[in-house]
Amino acid sequence: ADTKVYRASTTAPVNIAVVKYWGKRDAKLNLPTNSSLSVTLSQDDLRTLTTAACSATFDGDSLTLNGELSDISGARTQACFRELRARRAAVEAANPALPKLSTLPLKIVSENNFPTAAGLASSAAGFAALVRAIANLYELPESPADLSLIARQGSGSACRSLFGGYVAWRMGSQDDGLDSKAELVAEASHWPQMRALILVVNAAKKDVPSTSGMQQTVATSGLFQQRINQVVPANMTLMEEAVRDKDFAKFAEVTMRDSNSFHACCADTYPPIFYMNDASRAAIRAVEAINAQAGKTVAAYTYDAGPNSVIYFLEEDAATVVGAFHEVLGAVGGWKDGAATLKSSAKIPEQTA
Ligand code: PMV
């Protein structure tokens, strides 16, 4: 019998949306109520490293995340395993000489180079790395866009981490989800001056998980209808123009407005959901003060489903923006280490595909 251990490794980057995905039209397939757009951060700063192995000698499928065995019985992880095995089985059927890897137990080992406890959206990099590692192990011919269809079923935002640079997730219109995938808007090299500063809040409280937060928003927020029908479609168009024209003021305004709109919908649910806290709001005020002081827009804030800030700025304004945050937030409580924590001054990477 074949006792060989087959193995492949890969990394996947974190992405932070500037037009947010919030709301599912199909929870099983992770089909969104709206398109979204993100910037992929540098893998030097934030990334997941994943090794996928398969062997007849393994006991069964397993996933170890940062040294701890993780539950893989959930429908999301199972969907990724099933989809990837089906594609490998198709390759094997066409090439009978190939080893039957699709039938072997999988052992996945994954490490983040940033603290998972920091509350940063790690599921995006996690599922993107898992899908690409298994796809590499299986030597699948699928393109990054094709793999994004699988990663999407693990975690919606993960589909955008299959590409570097500026990435759109097109919501699609089909019920089978085959047109709901990621697409490269622009390579990182198109606008290489973009930087991201991540401010980590000392959060004691656990946030509402994105899936239940979305469900509640879709079910109870009236404002949400306006967001998905008007606000997001307009923001997608404006954001693609801003990236195309390398117009930072426009990029920043759309980023901040879209974050505000998403959090307004959360506050509009019943009961309301609050992801931002006093420290988050202080950082918003700090961005406004920095921009007013500079006499132009040099910084943009955005918040996901938690209180941490991501601040986008251009390299030429690094001293102004990063310096000001240390000054302003040093006096404000609630930030990790008593002041703004520089998690990443991320250089946006080349396309990772
Ligand atoms: O990928 P999920 O299901 O964890 O949802 C992420 C949602 C946000 O991070 C808040 C927005 C986004 O587009 O990434």
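Numbers for residues simply follow the sequence, beginning at 1. Remember, it's 1-based here, ligands and their atoms both numbered in the order they're listed.
- Residue Lys24 has no N or O atom closer than 3.5 Å to an N or O atom of ligand 1.
- Of the N or O atoms in Tyr21, one or more lie within a sub-3.5 Å distance of an N or O in ligand 1.
- Contact of the Val254 side chain with the Arg257 side chain is not registered, since no non-hydrogen atoms from C-beta on lie closer than 4.5 Å.
- Ring pair Phe262/Tyr275 is tilted by interplanar angle, where 30° to 60° counts as tilted.
- A 6.0 Å sphere centred on CG of Asp59 holds no more than 12 heavy atoms belonging to other residues, nucleotides or ligands.
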- [ ] With salt bridge (Lys or Arg N to Asp or Glu O under 4.0 Å) as the test, would you mind laying out the steps for Arg285 and Glu288 before giving the verdict?
- [x] CA-CA 5 Å; Arg285 291 295 178 229; Glu288 288 170 349; 2.7 Å; yes
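- Of the residues Asp258, Asp268, Thr217, the one that meets the side chain to side chain donor-acceptor pair (under 3.5 Å) test with Arg227 is Asp258.
- Residue contacts with ligand 1: Asn15 is placed with no nitrogen or oxygen under 3.5 Å of a nitrogen or oxygen of the ligand (distance criterion only).
- Between Ser157 and ligand 1, at least one N/O pair is under 3.5 Å apart.
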Kindly list each side-chain donor-acceptor pair under 3.5 angstrom involving residues 75-84, sequence neighbours excluded, with atom names and distances?
residue: Arg76; atom: NH2; partner: Thr211; partner atom: OG1; Å: 2.9
residue: Gln78; atom: NE2; partner: Ile72; partner atom: O; Å: 2.7
residue: Glu83; atom: OE1; partner: Arg87; partner atom: NH1; Å: 2.8

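- Using a 4.0 Å cutoff on heavy atoms, Ala124 does not count as a contact of ligand 1.
- Numbered from 1 in the order shown, with element, the atoms of ligand 1 that lie under 4.0 Å from a heavy atom of Ser123 read 4 (O).
- Contact atoms of ligand 1 toward Ala17: 12 (C), 13 (O), 14 (O) (distance under 4.0 Å to a heavy atom of the residue).
- Within ligand 1, counting atoms from 1 as listed, the ones closer than 4.0 Å to a heavy atom of Ser210 are 2 (P), 3 (O), 4 (O), 5 (O).
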